[in-house]
Protein chains: 2
Amino acid sequence: MARWEPDARGRLQQAAMSLFRERGYAEVTVAEIADRAGLSKRSFFNHFADKREVFFANAQFFEESVLAHLASADPRLSAIDATVLALTRCGLDLSTVTSAEDAQTRLDVLVATPELRERDLNKTAELTAAMVEALGRRGVPPRTAGFAAQAGLAVFTVAVAEWLATPAADFPDLMRRALNELREAVA
Amino acid sequence: MARWEPDARGRLQQAAMSLFRERGYAEVTVAEIADRAGLSKRSFFNHFADKREVFFANAQFFEESVLAHLASADPRLSAIDATVLALTRCGLDLSTVTSAEDAQTRLDVLVATPELRERDLNKTAELTAAMVEALGRRGVPPRTAGFAAQAGLAVFTVAVAEWLATPAADFPDLMRRALNELREAVA
DNA sequence: CCTCATGACTGCACTAGGTGCAATCACCAG
DNA sequence: CTGGTGATTGCACCTAGTGCAGTCATGAGG
């Protein structure tokens, strides 16, 4: 028998998410999360830098996915096309892993908690920076890369919101439409 | 003689900014800020919701300025044109009130402090939402307004960075150039 | 079989951000 | 003279987060 139950990090994440869903982020203490996971408060902070991070434990997976798709996109594509393509594929990947309801409840906790929205913006900014770097490796100048990455993510956000509202819709099509709307908006 | 020195809020803000410049945000405690302003820690939290807010005390002024310019822009202008115009005027206003060095040192503290960068993203998001609402009052549909506001702010950020690097440059021209670059990037 | 380094986990003490509540007291209106 | 207002405060308290020293099963090597 193992000295400790396996996957402490995963247990903390699950305990946290269920508690957040039950009572809301603000009403849950780190000590409670750790308790439910069978660990100490101190151990929680060995696995997560702060209380907010546990909510974004799988967001890193998303970032890696975007970057991988971006790296493998046809080098002849323009910055914006490569970005939108990568995010489209990412969205499709995500929709196979996560159900629309899970995504929705997660989003509910997010929008209900200013502290988490703030951190979410930060994650998005970090992702943007990483995408700029990835585009840089494709020879895209930084300024252009910054605009393309921000535009791509704006389009993605809109498309995901649409998809949550109508899960039957075709995601790549939603991305195309949103991109066209953005183009018209800045023209 | 007044019971209390006037402008407690302003004193707190000044005390905070000078301490942040001297030793960096993280090395300063709220108690120290309150001390220097001749107030108690408890009073600090009567004026500011948390430690980060004191750094953005005048950001609200900027938001009001943007919205005023947006409301007074020619109604025949497109969403993106009105947005960029408003931000251009705002930038000009700001450059008459604040010196480039002050803006630069403020920016230095910002970029050196993850906690403040996070809050800054939040402020930008709130401003975006307010701009979307203002554009809505001009009859712009929400989706278009969202894209225009985000694009405008992306352009503004780039133009301000350029202006800080070369304060002699013509700000409206920097805005025009940045907007053109964005259009090319998403085309 | 012994030993030793490793590494996940823990307890403890401590700092600092943040809140609720009751009290203070100059100022001002009636 | 009196009572209300409002900025300020002290105090008790909670929670997030950190540094440090210690525990102890496991696994490699002698």
Side-chain angles (χ1 to χ4, degrees), chain A residues 1-20 22-57 109-110 112-123, chain B residues 1-20 22-57 109-110 112-123:
Chain A
M1 163 176 161
R3 179 171 187 187
W4 295 294
E5 296 302 311
D7 194 22
R9 192 184 163 91
R11 269 155 48 219
L12 284 167
Q13 191 191 339
Q14 283 211 310
M17 293 309 278
S18 64
L19 282 167
F20 293 162
E22 287 169 22
R23 315 209 313 264
Y25 177 85
E27 313 312 315
V28 175
T29 70
V30 171
E32 285 173 314
I33 299 170
D35 265 5
R36 183 170 289 195
L39 292 169
S40 69
K41 173 189 158 193
R42 193 66 190 82
S43 285
F44 178 94
F45 290 110
N46 287 339
H47 288 280
F48 300 100
D50 57 45
K51 185 184 168 189
R52 302 168 252 339
E53 281 301 305
V54 70
F55 186 82
F56 297 94
V109 176
L110 221 197
T113 316
E115 215 172 327
L116 291 178
R117 265 180 306 166
E118 202 169 276
R119 180 57 56 88
D120 186 57
L121 290 169
N122 203 41
K123 294 282 179 193
Chain B
M1 165 178 154
R3 180 171 186 186
W4 297 291
E5 296 301 312
D7 194 23
R9 193 184 162 90
R11 269 154 48 219
L12 284 167
Q13 191 191 339
Q14 284 211 309
M17 292 310 277
S18 63
L19 282 166
F20 293 163
E22 287 169 23
R23 315 210 310 264
Y25 178 87
E27 312 313 316
V28 175
T29 71
V30 170
E32 285 173 315
I33 299 170
D35 266 4
R36 181 170 292 196
L39 293 169
S40 69
K41 173 189 158 193
R42 192 65 189 80
S43 284
F44 178 95
F45 289 109
N46 287 339
H47 288 281
F48 301 100
D50 57 44
K51 185 185 170 191
R52 305 168 235 8
E53 281 301 304
V54 69
F55 186 81
F56 297 94
V109 176
L110 222 195
T113 316
E115 215 172 324
L116 291 178
R117 264 180 307 169
E118 200 168 278
R119 180 57 57 89
D120 187 58
L121 291 170
N122 203 40
K123 294 283 177 189

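Residue numbering restarts at 1 for every chain, and letters A, B, ... go by the order of the sequence lines.
- Here D:dA16 presents its P atom at 14 Å from CG of A:Leu12, a figure rounded to the nearest Å.
- Taking atom CD of A:Glu27 as the reference point, atom C1' of D:dT15 lies 13 Å away to the nearest angstrom.
- For B:Lys51 and C:dA16, the NZ to P distance is 9 Å, given to the nearest whole Å.
- Shown here are the salt bridge (Lys or Arg N to Asp or Glu O under 4.0 Å) partners of B:Glu22, two or more places apart in sequence or in another chain: B:Arg36.
- Across the protein-nucleic acid pair, A:Asp7 atom CG and C:dA8 atom C1' stand 13 Å apart, rounded to whole Å.
- No contact: B:Ala31 has no heavy atom under 4.0 Å from any strand.
- Residue pairs that meet the salt bridge (charged side-chain N to carboxylate O under 4.0 Å, His left out) test with at least one member in residues 6-16 of chain B, sequence neighbours left out, do not exist here.
- Look at CZ on B:Phe48: it is 18 Å from C1' on C:dT19, rounded to the nearest Å.
- Going from atom CZ of A:Arg52 over to atom C1' of C:dG17 covers 11 Å, rounded to whole Å.
- Distance CZ (B:Phe45) to P (C:dA16): 12 Å, rounded to an integer number of Å.
- Atom P of nucleotide D:dG27 and atom CZ of A:Arg3 are separated by 12 Å, given to the nearest angstrom.
- Applying the side-chain contact (heavy atoms from CB on, under 4.5 Å) test to B:Asn122 and every residue at least two apart in sequence or in another chain returns A:Glu118, A:Leu121, B:Arg119, B:Glu126.
- With respect to B:Lys123 and B:Glu53, a salt bridge is recorded, a charged nitrogen being found less than 4.0 Å from a carboxylate O.
- Taking A:Phe56 as the reference, nothing meets the ring-ring contact (aromatic ring centres under 6.0 Å, His included) condition, with sequence neighbours excluded.
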Can you pull every protein N or O that's under 3.5 Å from an N or O on nucleotides 8-11 of chain D?
from: D:dT8; atom 1: OP2; to: B:His47; atom 2: NE2; distance (Å): 2.6
from: D:dT9; atom 1: OP2; to: B:Ser40; atom 2: N; distance (Å): 3.0
from: D:dT9; atom 1: OP2; to: B:Ser40; atom 2: OG; distance (Å): 3.2
from: D:dT9; atom 1: OP2; to: B:Ser43; atom 2: OG; distance (Å): 2.4

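- Listed by chain and number, the residues in a ring-ring contact (aromatic ring centres under 6.0 Å, His included) with A:Phe48 are A:Phe44 (sequence neighbours excluded).
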